[in-house]
Amino acid sequence: MGIDSFCSLDGSDPFWVILTNRILVQCFLCSSHVTLLQQVIGFTLWLICWADVFYSFWERSLGATIAPVYLVSPTMLGVTMLLATFLIQYERRKGVQSSGVMLNFWLIAIVCATVTFRSKILHALNEPASVNVFKYTTFYIYYTMLLISLILACLSDQPPLFSQAVKDSNPCPELGASFLSRITFWWITGLMVTGYKRPLEEKDLWSLNTEDKSQRVVPQLVRRWDQECNKVKRPVDKTLYSPKRAARGEKKDGQPIEESEILLAKTLQKTGEPSLFCALCQTFGPYFLVSSLYKIIHDILMFVGPEILRLLIQFVNDSSAPTWHGYFYTTLLFVCTCVQTLILQKYFHVCFVTGMRLRTAIVGAVYRKALVITNAARRTSTVGEIVNLMSVDAQRFMDLITYINMIWSAPLQVILALYFLWQNLGPSVLAGVAVMVLMVPVNAVIAMKTKTYQVAQMKSKDNRIKLMNEVLNGIKVLKLYAWELAFKDKVSAIRESELRVLKKTAYLGAVSTFTWVCAPFLVALSTFAVYVLMDEHNILDAQKAFVSLALFNILRFPLNMLPMVISSMVQASVSMKRLRVFLSHEELDEDNVERPAITASPDSIRIVDGAFSWSKDDSPTLKRINVRIPEGALVAVVGHVGSGKSSLLSALLGEMQKQEGSVSIKGSVAYVPQQAWIQNTTLKDNILFGRDAKDSWYQKVVEACALLPDLEILPGGDLTEIGEKGVNLSGGQKQRVSVARAIYCNCAVYLLDDPLSAVDAHVGKHIFEKVIGPQGLLQGRTRVLVTHGLSFLPQADLILVMVDGEITEMGSYTELLGRQGAFAEFLHTYTNTEQEEVEESVGAVPRKGLENGGPAAVQSQISLNAAGTGKTPEKTEPSDVAAAKKAKSTEAARLTEADKANTGRVKLSVFWEYTKAIGLPLSIFSFFLFFCHHLSSLGSNYWLSLWTDDPVINNTQPNREMRLGVYGALGLTQGIAVFCYSVAVSVGGILASRYLHQTMLYNVLRSPMSFFERTPSGNLVNRFAKETDTIDSVIPSIIKMFMGSMFNVLGSCAVILIATPLVAIIIPPLGLLYFFVQRFYVASSRQLKRLESVSRSPVYTHFNETLLGTSVIRAFGEQQRFIRESDGRVDHNQKAYFPSIVANRWLAVRLEFVGNCIVAFAALFAVMARDSLSPGIMGLSISYALQVTTSLNWLVRMSSELETNIVAVERVKEYGDTEKEAEWRLEHSTLPAGWPTTGHIEIRNFGLRYREDLELAISDISVNIEGGEKVGIVGRTGAGKSSLTLGFFRIIEAAQGEICVDAVNIAELGLHELRSRITIIPQDPVLFSGSLRMNLDPFDGYTDEEVWRALELAHLKNFVSGLPDKLNHECSEGGENLSLGQRQLVCLARALLRKTKILVLDEATAAVDLQTDNLIQSTIRTQFEDCTVLTIAHRLNTIMDYTRVLVLDKGQMAEFDSPSNLTAKKGIFYKMAKDSGLV
């Protein structure tokens, strides 16, 4: 009979429940030896106490008189010990591994018992006869047991099995640390030792504690914020008229009769602004309140120092006082300062952890919001602004959290200090108070002014980052157009306005530094002056002067901090407002698109009376839309540029604001946008897009999308890392990956926004047949295809024709042709060009080929060069190909370089660079001013000690006016020095940051294209945002504080040494200890800071990427996965941040201990030398010693802050050492003014390679092109077409041969001289935010008439003159408020403006519809008639009338002749033309 039959397994049997629970608790708690021992000792103590009680009762029964205390005391102790034992067991059950309560309990018990212990020993020595052996024995056992308990309480127990740490591979040791280890932060020492031995790496970092992780923190804030938002919304009744179709009745013309029904809908209207502050308080308040408790205790302990100083001076003055008083005071001083240290550090720890959680929560909330805001709201916040919310504004909150308690703590400290000062000096303190009160409005005014400057600076900064973002995104276009200088000037102009504001802030800062450094001195001066002048019998003795000074020094801190806290709060309130505005943005309405149940209707997509706009207030972009699409239909959407085709898809995705009508889609949706959105991950991950890998399906998809040949070329196959925005894929490859991603997801409805425009005709046909068409992979799915390719239309089940945002016609191909409406006209425009294609598309199956290299088959090569291998050399034998394939390593698949963390100490050269940037004379002058300030400060205090030692004659002190005058003069000197050095350092900082930013900007713009493909834009933006901000505002203030602390420490040590020379014995060892602790700490801290900085970039990179692809992410419903990814990256960043804040606390505890030792020794030696010391000198020495702790702390904090922040200079400088392009302009240029005059191009034996160790990408090309010839360049992908154009613009320098234009070798020109004299219309039409005019002519080199003429020729005149601002129309970021076709026409207008003798078209018409293509081609034919035109062609029909065609194959010239001759030769060109249906 087994246990199963003995008790039921379903838990109904009570015996089973009890048994399992007991076993589980036992297992989970894994009772260790420590716990068992603690419990045994607890019981033993209880037994000992009871033994004493029973012994007393026994003595009593023998007739001895026993005092009641002998019964009551052991009974109480016994009960206490029993309670303690139960408490140990209870805490263990709760999973507590080390109890602070128990440790403190045993400590108090042992202190109390020690008094008795001493008495017992004295008693036994003096009266041995009266010793009670039994009671003495029990007491000694009791005392021993207490000691053992105290030691055991210091140890930590094993974690219970249910704790998180057990499951974690590298848990944070904090959870399992003992109480002592926690309060002294000993638990981080292991990591510090590792960091000291070798630079820390990522694997050394612990996992985050569960309560600090994003998944715990972010939802709390989001929930509270939603509650706040709901509070301010109140329901309002709103009347809607909804047109309703009558079921039967129809008018004569067959149109259904419309009737309206009135609907009452409840909508929510905002009544006010939701409070982000309340949401933050509710989320983080409870944990943060603990810190306030620590702060109160610490504030009270601060005033113990001056009180003990008073007692010590009294002790020195009173020669009859027993010596042990002095030693007792010294010990008390040491214990109090140590307790104060531990409590203060615990307070800071709580604050920093709260700050860290706050940042996590804000970043998470901003990310989640960015995924759901409407397009209109998205336009109000640029990418730069949103990234700033995550970086700068979240940081502001973290900085504030540490100081926010000062708002109530500072006034408390001031009140306590004034109370003690009143006790000391009486009403004359009021003079000091008056000075303080006067200081408050001065600081308030400064704070207010700072706020306005702050806002202005943030605005400039946002604009600068936004512009930099665009420059980095469009860097290739800038280089091709030679526009770097124009944009450098634009960035510099914004930067200058930013620095002007910074300079004003610096002057204000100098005034505020002056007020708060001088405030305590002025307070002391006014108080002492009033005190001695009020009554000549008022004597300023050492006790009064130095206790007051110590109190004034305490006053200095809250007075200094208040302005800082106020300005920090001001900055945070600015940030809070920005965050609130962003988090309150409108969200996309989930109900824009209904998702009906599967069975509801046969229609897969239905729009009834739809009117849609991009934002609530806009007029509708799409009007009167009525569409019903049956399941499994293939629907084509056609129309001219800007007719609303893409908008229709956006409406179906719910991306547009639905103004009326209804939209419903059945089943899951996949979406292919017009411009492919590619993630910075491997090619395979781009296709899988978070779905599980199914190999056979994946292979089918890759094959159907014609990606197999591309995978052969890529260095790592489908594991090749794709750079940001897909830089190492050509346009066609990007588009095909985008299509593959959609197919792989296997959805019910496919929305395809012109995916075939970027690929070759034959590849397009292949994809249409294998994927989209009636026989493709997607057969039976609903497909909505926006297209410009007429050849696919006959196979569509339904065609929608769009004109100006309305569907004017719909029906099948034959129906529409028969109607002779807009569609027929649309077709007739193009029949001549594409007729053959249409006919052929019905029967022929195209050869499977690779599309013509996209915008950058180039880029694919450049970047591969950046990776590890280039293209597999195609000239090799088959066996070599196999070998080459094997050699495809993961290394080759890498492309972008992650931000690297430098290791080791920051080199002195970095400090030297910074000093040079400031200017040597200014640096030396600043140092001299610091020295003056501290010398006069020391002088004034020494003068004060001499004054207090003046002899007292007839209850008065002689020469007090002279003493007061000199004291005041020294103070004045101090003030002037402070003001001057503050101005000097701030101005120096601004000079340095201007110089560093300018050189970085110049160096980045001078870098070659390969640099931008290797470096993620996140890293570069990080340099221009975070690191520049550090150089602007953080480093100067740190330098000020560092110098101040350093002089303070040196001064204090000097004073203590003069007063008590004996301290000389102790200062060197303490100094060594201090130095060792500091070096030990800096090794780890610096590396942690670097790791944190490096792990910050991916957060922003991922965020940037997400913002660009929100519509795709939403369409696929992948929001949760992206949120998880972002959370993971934030947590990864905090993993490096958390140890760095704990390391700070670790350091502070140890340093303050060194400081506390200095205080103790200064007091101890003063007590020992009390006979030879004057009270004045002793007071001076100890009041300086009391300050030394704070100064030491600041000194190390500032020196490590300086080291960690100066890293910003190092990182900004590192781009100075990267490779650079050739010179932009040569000094002695011999170039004729109008060059090139004829446009004659001679290419001799030309070849180039992408990197030194790779084979030539193109080689041995020799071509002679006469001026005015039109030459087409064609070839399969990877043939080297784009490589040739890149060589022509010297984006890549030649490896062999040369190119001569009008007999000038282009390699001998400056890059700008070359690039500004040749014009290119690139494939990707890049626009920058700014006016339309700036986009056409950034250097303002042309008149308005010329610009309008160019627009007219580019067929944009009507569009632009219809805009309210005409030429000053603001283009949004990336030109998003123009359609793709319009952007392409803007690029054409740029070319028309420059009108150089040579024009290069890099597949310029790939993305436009046929009508626009015809416009562009006809404009080029007429306007560039006498120019040399080189066209890389996609659509071969565009170059059939060119003079000659250059056919490239495998990087070499295959054919070069007129199109008719080439067709007759039946070579490569003939095959390509046949594939396109042109022969």
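Just so you know, these numbers use all the heavy atoms, side chains as well, and skip hydrogens, waters and symmetry mates.
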Taking side-chain hydrogen bond (donor to acceptor under 3.5 Å, both in side chains) as the criterion, tell me which of Q659, Q657, K623 meets it with S613. Q659

Using the side-chain contact (heavy atoms from CB on, under 4.5 Å) rule, take D753 and S646 through it: C-alpha gap first, then chi angles, then the decisive distance, then the call. CA-CA 6 Å; D753 194 351; S646 299; 2.8 Å; yes

Is any side-chain heavy atom of P755 closer than 4.5 Å to a side-chain heavy atom of L785? yes

Shortest non-hydrogen separation from A636 to L793 and the atoms involved: CB-CD2, 3.6 Å

Closest approach of V638 and K645, non-hydrogen atoms and distance? C-CD, 3.7 Å

Is there a donor-acceptor pair under 3.5 Å between the side chain of [X] and the backbone N or O of [Y]?
{"X": "D462", "Y": "E385", "answer": "no"}
{"X": "R378", "Y": "V372", "answer": "no"}
{"X": "S668", "Y": "A748", "answer": "yes"}
{"X": "D797", "Y": "L634", "answer": "yes"}
{"X": "N686", "Y": "S738", "answer": "no"}
{"X": "R783", "Y": "G632", "answer": "yes"}
{"X": "R736", "Y": "C705", "answer": "yes"}
{"X": "R606", "Y": "S662", "answer": "no"}

Taking the six-membered ring for Trp, are the ring centroids of Y671 and F1116 within less than 6.0 Å of each other? no

Can a side-chain donor-acceptor contact be found between N626 and D609 if the only test is distance below 3.5 angstrom? yes

Do the side chains of E1125 and R1121 get close enough for a salt bridge, i.e. N-O under 4.0 angstrom? no

In plain terms, say whether K369 and E587 are close enough for a salt bridge, that is, a side-chain N and a carboxylate O under 4.0 Å apart. yes

For the [atom1] atom of [X] and the [atom2] atom of [Y], what is their distance to the nearest 0.5 Å?
{"X": "F582", "Y": "N388", "atom1": "CZ", "atom2": "CG", "value": "12.0 Å"}
{"X": "Y750", "Y": "S604", "atom1": "OH", "atom2": "OG", "value": "12.0 Å"}
{"X": "T621", "Y": "F612", "atom1": "OG1", "atom2": "CZ", "value": "10.5 Å"}
{"X": "L1332", "Y": "L1363", "atom1": "CG", "atom2": "CG", "value": "7.5 Å"}
{"X": "I722", "Y": "L683", "atom1": "CD1", "atom2": "CG", "value": "4.5 Å"}
{"X": "E1118", "Y": "R691", "atom1": "CD", "atom2": "CZ", "value": "4.5 Å"}

Considering residues, nucleotides and ligands other than Q227, do more than 12 of their heavy atoms fall under 6.0 Å from its CD? yes

Decide if atom NZ of K658 counts as having more than 12 heavy atoms of other residues, nucleotides or ligands within a radius under 6.0 Å. yes

Think R580 forms a cation-pi with F277, using NZ or CZ under 6.0 Å from the six-ring centre and within 45 degrees of its axis? no

Sorted by first residue and then second, give each salt bridge (charged side-chain N to carboxylate O under 4.0 Å, His left out) pair with at least one member in residues 216-226; sequence neighbours left out. none

Report the C-alpha distance between L777 and K770 in whole Å, list the side-chain angles of each, state the deciding distance to 0.1 Å, and finish with yes or no for side-chain contact (heavy atoms from CB on, under 4.5 Å). CA-CA 6 Å; L777 279 179; K770 296 281 190 208; over 6 Å; no

Using the test side chain to side chain donor-acceptor pair (under 3.5 Å), find all partners of E228 that sit at least two apart in sequence or belong to another chain. K231

Walk me through it: do V663 and E594 pass the test side-chain contact (heavy atoms from CB on, under 4.5 Å)? CA-CA 6 Å; V663 184; E594 295 158 25; over 6 Å; no

Would you check, one step at a time, whether the test ring pair (Phe, Tyr, Trp, His ring centres under 6.0 Å) holds for Y744 with F689? CA-CA 9 Å; Y744 189 84; F689 204 53; over 10 Å; no

Where does the angle between the aromatic ring planes of Y367 and H1102 fall among parallel (under 30°), tilted (30 to 60°) and perpendicular (over 60°)? parallel

Given the rule in the salt bridge (Lys or Arg N to Asp or Glu O under 4.0 Å) test, do R1124 and D1127 qualify, once you have shown the distances and angles that lead to the verdict? CA-CA 5 Å; R1124 280 197 303 276; D1127 284 355; over 6 Å; no

